[in-house]
Amino acid sequence: MTTVNLDKTTTHDSEHDPRNDDILIYVNGELKHKGEAMVSVYDAGFMLGDGMWEGMRLYNGKWAFFDEHMDRMFNSLKAVSINLDMTPEDVLAILNETAEANGMVTDAHCRLMITRGKKAKPFQHPGLSKWGPTVVAILEHSKPVDRLQSAGIRLATVPQVRGLPMSQDAKFNSHSKLNCVIACIQAEQAGADEGLMLDPHGFVNTTNACNFFIVRRGEVWTSTGDYCMKGVTRQKVIDLCRDNGIPVFEKNYSLYEAYGADEAFLTGTFGAQTPVGEIDGKTIGTGDRPITKKIQALYKQAIADDIA
């Protein structure tokens, strides 16, 4: 039997915080202790992976880039016909209530999950979800570990690819993450921390958990975005580069260019920008990452400006 090593390095590694043992979790209008926060086994999210989610971070009492996260979430819900009888303001009230109940002001991470809701019978048809969406917000005290900023994450190119939009559009931040889980397992079996996934045409796309960038000859490259989730942090990095004179390109490129990159990094709400140390056993650059460091500084300022 194949097992997964739970002690492996990931881009979501955080410092241990014992306060998370007793957090309160929002479940359909109630705050429940971590040990009692549950949804029905008939829930569409559990049964079918039928739902959408957002990851957000709390800085000094405010949720960074909240509007952008809500734009993506509500667009995704509309696209799959999940009718959430809430506004972004209602969601914000839920997050703030949960944060306050847990004594969280900064260095907190939220996973907001919206599913189609409990089903009348254990079958696929969405009409069987008769009682409206399930809404869950898990907030944890969460501060990324520092060690990845020096060594960087190790990637392995995996056989699992990001699919075509007509199969399951990767732009959905959906509960259905089996393809990403498979990619993560393949990377672990190759001795890496995370899987580098290609698009259906063989071009470099994204990892199983984050968006992916390289730096070559002073230029920042990322995928076209046609086959990956267009992350909020991904777009912020692109915008910051454009606004600060750093050449940035959304384009097709191959592993050949990735292996020869001067720098590489991942983007995501949790880790912001996480350096990549190697791809398929090949060291990326010299370990000196001036452009990545500049982008990290610009991003920290962008957060400060957004929550001001």
Side-chain angles (χ1 to χ4, degrees), residues 1-14 16 39 41 43-55 109 111 113 115 124 138 140 142 144-145 147-148 151-165 167-214 222-223 225-231 233-234 254-255 258-259 264-271 273-284:
M1 177 183 294
T2 299
T3 59
V4 176
N5 181 0
L6 298 180
D7 296 324
K8 283 186 62 62
T9 298
T10 77
T11 50
H12 295 96
D13 284 352
S14 61
H16 174 69
V39 297
V41 294
D43 192 86
F46 173 78
M47 193 172 289
L48 298 166
D50 183 7
M52 298 293 166
W53 64 275
E54 285 292 322
H109 188 82
R111 189 177 182 101
M113 295 172 282
T115 77
Q124 181 187 85
I138 301 175
E140 291 185 330
S142 182
V145 296
R147 66 178 181 271
L148 292 179
I153 206 87
R154 299 173 303 158
L155 301 181
T157 308
V158 296
Q160 192 77 7
V161 302
R162 291 284 186 169
L164 292 165
S167 56
Q168 180 172 314
D169 199 328
K171 295 178 184 63
F172 287 132
N173 202 16
S174 72
H175 283 219
S176 304
K177 291 288 183 183
L178 182 59
N179 67 324
C180 298
V181 173
I182 292 171
C184 187
I185 292 170
Q186 290 171 339
E188 183 189 56
Q189 292 170 343
D193 305 316
E194 198 155 306
L196 182 59
M197 301 176 75
L198 307 180
D199 71 19
H201 307 290
F203 295 111
V204 173
N205 190 5
T206 182
T207 74
N208 56 270
C210 300
N211 291 117
F212 178 71
F213 288 75
I214 64 171
T222 192
S223 71
D226 293 333
Y227 306 103
C228 73
M229 187 181 70
K230 292 189 175 180
T233 309
R234 174 188 187 272
S254 70
L255 283 169
Y259 293 149
F265 59 90
L266 311 182
T267 62
T269 297
F270 177 80
Q273 295 82 39
T274 303
V276 172
E278 65 177 56
I279 303 173
D280 296 335
K282 301 169 179 62
T283 301
I284 302 302

Separation between OG1 of Thr157 and CG of Leu198, rounded to the nearest 0.5 Å: 6.0 Å

Atom CG of Asn173 and atom OG1 of Thr269: how far apart are they, to the nearest 0.5 Å? 9.0 Å

Could you state the interatomic distance from CG (Asp193) to CD (Glu278), rounded to the nearest 0.5 Å? 8.0 Å

Shortest non-hydrogen contact from Ser176 to Gly49? OG-O, 2.7 Å

Once you round to the nearest 0.5 Å, how far does CD of Glu54 lie from CZ of Arg111? 10.0 Å

Looking only at non-hydrogen atoms, find the nearest pair between Gln160 and Asn179 and report the distance. CG-O, 3.3 Å

All heavy atoms of His109 vs all of Gly55, minimum pair found to be NE2-CA, 4.1 Å

With heavy-atom distances below 4.5 Å as the criterion, would you say the side chains of Val204 and Leu255 are in contact? yes

Mind checking what makes side chain to side chain donor-acceptor pair (under 3.5 Å) contact with Asp226, not counting sequence neighbours? Thr224

Before accepting this row, confirm whether a basic side-chain N of the pair Lys171/Asp169 lies closer than 4.0 Å to the acidic partner's carboxylate O. yes

Considering all heavy atoms, the nearest Phe212-Leu266 contact: CD1-CD2, 3.5 Å

Taking only residues two or more places apart in sequence or in another chain, which ones pass ring-ring contact (aromatic ring centres under 6.0 Å, His included) with Phe213? Phe265

Counterpart residues, side chain to side chain donor-acceptor pair (under 3.5 Å), relative to Thr283 (two or more places apart): none

Side-chain contact test, heavy atoms from C-beta onward, threshold under 4.5 Å: evaluate it for Ser174 versus Trp53 and give yes or no. no

More than 12 heavy atoms of other residues, nucleotides or ligands under 6.0 Å from OH of Tyr259: yes or no? yes

Check whether any side-chain heavy atom of Leu48 lies under 4.5 Å from a side-chain heavy atom of His175, and answer yes or no. no

Take Thr233 and Asn211, measure what side-chain contact (heavy atoms from CB on, under 4.5 Å) needs, and give me the verdict at the end. CA-CA 9 Å; Thr233 309; Asn211 291 117; over 6 Å; no

Heavy-atom pair with the smallest gap, counting every atom of Ser142 and Phe270: OG-CE1, 2.8 Å

Would a 4.5 Å heavy-atom cut-off, applied to side chains only, mark Phe46 and Thr115 as touching? no

Value for CZ (Arg162) from CG (Asn205), rounded to nearest 0.5 Å, stands at 6.5 Å

Would you indicate whether the side-chain heavy atoms of Glu194 and Val276 approach each other to under 4.5 Å? no

Got Arg234 and Ser223 here, is their nearest side-chain heavy-atom distance under 4.5 Å? yes

Grab the two heavy atoms, one from Met197 and one from Asn208, that are nearest each other, plus how far apart they are. SD-CA, 3.7 Å

